[in-house]
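In what follows, a structure is listed as structure tokens, so that the remarks can point back to it.
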Amino acid sequence: FVWTAIDYIGESGIGRVVYSEEGGNGGDNYGFKAAEYPYHLATCGEIGLTGEMRPAGAYRKVMYGQKEPSIWTLSPEKSRRKIFRSKWGWISDARRIWNYTEGEKVKIEVYSNADEVELFINGTSVGKRKPCNLIANFETEYRGGIVRAVNYRAGKAAESDEIISAEGVACIFTEKLPAVSSVPDLTYYRVRAVDSKGNTVPVQTQVEVISDGFIACGNDDPENSDNYSKPLLHLYEGKGLIAVRYGRPLEIKKSEQEQV
């Protein structure tokens, strides 16, 4: 039993991870205490509110047979603090991001069902770890470029995963998602800030949504208080989602309002 498949609005913060003073782990089950406004998501889903995979979901895929490892990272600030988690939450709120401050320490979680995992940064090995409960934990200095995890099975290199550091924003990219049979009168668009190579740039910025069929827009930021029915999308870690009526045109442009 897993609570829950998709994150939702309400029961605010029952699955959130809390970071306190520097050093070590804080422990589990700090008890239920609803988060204060503007926190509004439960943050206990395997999948985020906008359909993006969360770390718990990536772990579950590995547990149920996915052979490829999955890399997730913690920012330097979070890496040096104590972690407190509720019984409804995941072990951390790690992200699929490799854009931090050069030389700072970062923690890396690699979900893997292999015998051993080797981590590389820009082709240089950081070391090997045996996964414990399907997680290989690493701590290293951040260096921009490519972080790559390689599975080892029976002593031989096998499947791999990697994250590439994004460069500056080249454009705001929209992707029309496959139709959802339960809501045939709506079309969903995933929005991403991307660099010249198509990598998602984890920026916090806003775009204006222009469509006579606009319904709603939003992101996975549990503390963002934007009105979902207002055609102004705040990109969270470079991503967001828009819903418009089926067959209606969509245009987006960088907002002239102050970025947040």
Side-chain angles (χ1 to χ4, degrees), residues 47-55 57-58 68-78 93-104 106 108 119-124 140-149 160-179 187-224 226 228 230-244 248-260:
I47 299 170
L49 192 69
T50 64
E52 296 282 352
M53 187 65 66
R54 300 186 71 241
E68 294 78 15
S70 188
I71 304 172
W72 294 75
T73 70
L74 283 172
S75 69
E77 180 182 3
K78 291 180 177 180
D93 57 355
R95 310 177 295 171
R96 288 278 298 178
I97 288 176
W98 193 241
N99 279 82
Y100 299 116
T101 303
E102 290 286 336
E104 295 228 83
V106 293
I108 300 169
L119 190 74
F120 295 86
I121 297 180
N122 300 328
T124 300
T140 185
E141 288 186 359
Y142 171 76
R143 296 191 297 278
I146 301 174
V147 58
R148 185 167 183 258
S160 66
D161 181 34
E162 66 181 29
I163 306 176
I164 302 173
S165 299
E167 300 172 355
V169 177
C171 70
I172 306 296
F173 176 78
T174 58
E175 174 192 5
K176 184 177 180 180
L177 300 180
T187 299
Y188 291 91
Y189 291 87
R190 191 170 307 288
V191 182
R192 296 190 297 131
V194 299
D195 65 14
S196 60
K197 299 177 182 177
N199 300 308
T200 300
V201 185
V203 294
Q204 319 288 85
T205 189
Q206 290 180 326
V207 296
E208 184 179 351
V209 183
I210 303 170
S211 174
D212 60 3
F214 173 78
I215 297 294
C217 62
N219 58 45
D220 285 324
D221 183 355
E223 298 186 80
N224 177 244
D226 289 350
Y228 295 116
K230 186 178 179 180
L232 187 65
L233 174 61
H234 167 203
L235 297 185
Y236 176 61
E237 296 179 351
K239 294 174 285 189
L241 189 72
I242 300 171
V244 300
R248 301 294 178 86
L250 171 68
E251 179 185 352
I252 61 171
K253 66 178 183 179
K254 279 291 282 295
S255 171
E256 294 181 358
Q257 294 194 21
E258 182 181 355
Q259 295 186 6
V260 295

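Owing to the predicted nature of the structure, the values given are computational and were not obtained by experimental measurement. The figures that follow rest on heavy atoms only: side chains count, while hydrogens, waters and symmetry mates do not.
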| Under 3.5 Å: donor-acceptor pair, side chain of T73, backbone of I97 | yes
| Taking all atoms of both residues into account, what is the closest heavy-atom pair of A58 and S70, and its distance? | CB-OG, 3.6 Å
| request: Give the minimum heavy-atom separation between T50 and G218, together with the two atoms involved. | output: CG2-O, 4.0 Å
| remark: Heavy-atom closest pair (R54 atom, W72 atom, distance to 0.1 Å) is C-CH2, 3.6 Å
| Judged by atom type as modelled, is there a donor-acceptor pair below 3.5 Å linking the side chain of S165 to the main-chain atoms of W98? | yes
| What residues form a salt bridge (Lys or Arg N to Asp or Glu O under 4.0 Å) with D195, not counting sequence neighbours? | none
| task | Evaluate the side-chain proximity of V194 to C171: yes if any heavy-atom separation is below 4.5 Å, no if none is. | result | yes
| task | Quick one: do T140 and V147 satisfy side-chain contact (heavy atoms from CB on, under 4.5 Å)? Show the steps, please. | result | CA-CA 11 Å; T140 185; V147 58; over 6 Å; no
| query | Atom NZ of K254 and atom CD1 of I172: how far apart are they, to the nearest 0.5 Å? | reply | 5.5 Å
| note | Contacts of S75 meeting side chain to side chain contact (heavy atoms under 4.5 Å, CB included) (sequence neighbours excluded), chain-then-number -> E77, K78, R95, Y100
| task | Look up atom CD1 in I252 and atom OG in S211, then write down how far apart they are to the nearest 0.5 Å. | result | 11.5 Å
| message | Rounded at 0.5 Å granularity, tell me how far CG in L49 sits from OH in Y236. | response | 12.5 Å
| message | Can you give me the closest heavy-atom contact between F214 and V244, atom names plus distance? | response | CA-CG1, 4.1 Å
| request: Run through V191, N219, D221 and flag the one making a side-chain contact (heavy atoms from CB on, under 4.5 Å) with L235. | output: V191
| task | Applying side-chain contact (heavy atoms from CB on, under 4.5 Å), run through R96 and I71 and close with a yes or a no. | result | CA-CA 7 Å; R96 288 278 298 178; I71 304 172; 3.9 Å; yes
| task | Report the distance from atom CD of E175 to atom CG of L241, rounding to the nearest 0.5 Å. | result | 10.5 Å
| query | Can T200 and R192 be said to form a side chain to side chain donor-acceptor pair (under 3.5 Å), step by step? | reply | CA-CA 6 Å; T200 300; R192 296 190 297 131; 2.7 Å; yes
| Point-to-point distance, once rounded to the nearest 0.5 Å, from NZ of K239 to CG of L233 | 13.0 Å
| query | Which distance, rounded to the nearest 0.5 Å, do you find between the OG1 of T187 and the CG of L250? | reply | 9.5 Å
| Electrostatic pair E52:R190 at N-O distance under 4.0 angstrom | yes
| request: Evaluate the side-chain contact (heavy atoms from CB on, under 4.5 Å) criterion for residues D161 and E68: first the C-alpha distance (whole Å), next the side-chain angles of each, then the deciding distance (0.1 Å), finally the verdict. | output: CA-CA 7 Å; D161 181 34; E68 294 78 15; 5.6 Å; no
| query | E104 side chain to E141 main-chain N or O, any donor-acceptor pair under 3.5 Å? | reply | no
| remark: Closest non-hydrogen atoms of E102 and G144, given as atom of the first, atom of the second and distance, are OE2-N, 2.7 Å
| remark: Correct closest heavy-atom pair for G238 and Q204 would be N-OE1, 4.4 Å
